Amino acid sequence: AIDAAWAYLIAHGVDPTTIVIYGRSIGTGPSVDLASRVEAKGLILQSPIDSAIRCALGYGSSLALRPIDIFVNHEKMAKVSSRVFIMHGTDDDVVPLRCGRALQKL
């Protein structure tokens, strides 16, 4: 869906360097993936996950379960060429703060 939204904007003449990609929670997976493949103005991540498995089960489990982890933001962030803004609440009960901090350190 995020690729379709990007393609729609580009097809309708929107300059890619004016587009800011936004993702929240699990939606940061597709957002980081897109930002790692295109040239955009920026990337905003709210309550981001560093990986689906790491967020749910912790770092140790992510090593063994890497082949089935569909969102590996921690690996894709290095390919993001645009500016990145990360925000994460300290009292988030859904996505642990450690996930946002892990991405912020990259």
Side-chain angles (χ1 to χ4, degrees):
I2 198 165
D3 288 316
W6 181 266
Y8 178 87
L9 291 172
I10 301 307
H12 285 81
V14 177
D15 179 355
T17 62
T18 65
I19 299 171
V20 176
I21 300 166
Y22 170 82
R24 179 175 175 263
S25 190
I26 197 153
T28 61
S31 297
V32 170
D33 178 64
L34 178 64
S36 73
R37 297 181 283 113
V38 301
E39 294 292 325
K41 180 173 183 129
L43 172 64
I44 298 174
L45 302 175
Q46 181 180 355
S47 302
I49 59 172
D50 51 347
S51 96
I53 301 295
R54 283 184 183 187
C55 187
L57 303 175
Y59 179 78
S61 299
S62 73
L63 299 175
L65 299 173
R66 170 59 184 95
I68 62 168
D69 195 345
I70 60 171
F71 298 129
V72 286
N73 290 346
H74 63 97
E75 293 177 3
K76 294 181 180 181
M77 286 297 289
K79 297 177 184 172
V80 175
S81 60
S82 61
R83 294 181 139 196
V84 179
F85 175 72
I86 298 173
M87 59 183 143
H88 202 128
T90 56
D91 292 332
D92 192 326
D93 292 331
V94 178
V95 178
L97 179 59
R98 65 177 161 73
C99 296
R101 285 191 171 149
L103 290 183
Q104 184 250 343
K105 291 178 183 179
L106 298 176

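Because the structure is predicted, anything quoted here is derived from the model rather than measured. Residue indices begin at 1 and follow the sequence shown.
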Q | Polar contact flag, side-chain donor to acceptor under 3.5 angstrom, Q46-S25 | A | no
Q.
Please check: side-chain N/O of N73 versus main-chain N/O of V32, any donor-acceptor pairing under 3.5 Å?
A. no
Q: Return the minimal non-hydrogen interatomic distance between H74 and S51, and the atom names on each side.
A: CD2-CB, 3.5 Å
Q) Between atom CG of L45 and atom CZ of F85, what is the distance when rounded to the nearest 0.5 Å? A) 10.0 Å
Q: Applying salt bridge (Lys or Arg N to Asp or Glu O under 4.0 Å), name anything that partners D92, two or more places apart in sequence or on another chain.
A: none
**Q.** R24 backbone acceptor or donor facing T28 side chain under 3.5 Å
**A.** no
Q: Could you tell me whether the side chain of M77 reaches within less than 4.5 Å of the side chain of V84, counting heavy atoms only?
A: yes
Q) In this structure, which one of I21, I19, V80 forms a side-chain contact (heavy atoms from CB on, under 4.5 Å) with V38? A) I21
(Q) When you compare the side chain of L103 with that of H88, does any pair of heavy atoms fall below 4.5 Å? (A) no
Q) Is the number of heavy atoms from other residues, nucleotides or ligands under 6.0 Å of R37 CZ greater than 12? A) yes
Q. Of the non-hydrogen atoms in S31 and G23, which two are nearest, and what is the gap between them?
A. OG-CA, 3.2 Å
(Q) Could you tell me if the side chain of I86 sits less than 4.5 Å from the side chain of P48, heavy atoms only? (A) yes
Q. Looking at CD1 of I49 and CZ of R98, how far apart are the two atoms once the value is rounded to the nearest 0.5 Å?
A. 11.5 Å
Q. If you take all heavy atoms of A35 and L43, which pair is closest and at what distance?
A. CB-CD2, 3.9 Å
(Q) Are more than 12 heavy atoms, taken from residues, nucleotides or ligands other than I26, located less than 6.0 Å from that residue's CD1 atom? (A) no
Please tabulate, for side-chain N and O atoms in residues 5-16, each donor-acceptor pair with protein atoms closer than 3.5 Å (sequence neighbours left out).
| from | atom 1 | to | atom 2 | distance (Å) |
| --- | --- | --- | --- | --- |
| H12 | ND1 | Y8 | O | 2.9 |
| D15 | OD1 | T17 | N | 3.0 |
| D15 | OD1 | T17 | OG1 | 2.8 |
| D15 | OD2 | T17 | OG1 | 2.9 |

Q. Taking the side chain as C-beta and beyond, is there a heavy-atom pair between S81 and E39 under 4.5 Å?
A. yes
**Q.** S82 side chain vs K41 backbone, donor-acceptor pair below 3.5 Å
**A.** no
Q. Should V20 and Y22 be regarded as members of a common hydrophobic cluster, given that ILVMFWY residues are connected when their side-chain heavy atoms come within less than 4.5 Å of each other, either directly or indirectly?
A. yes
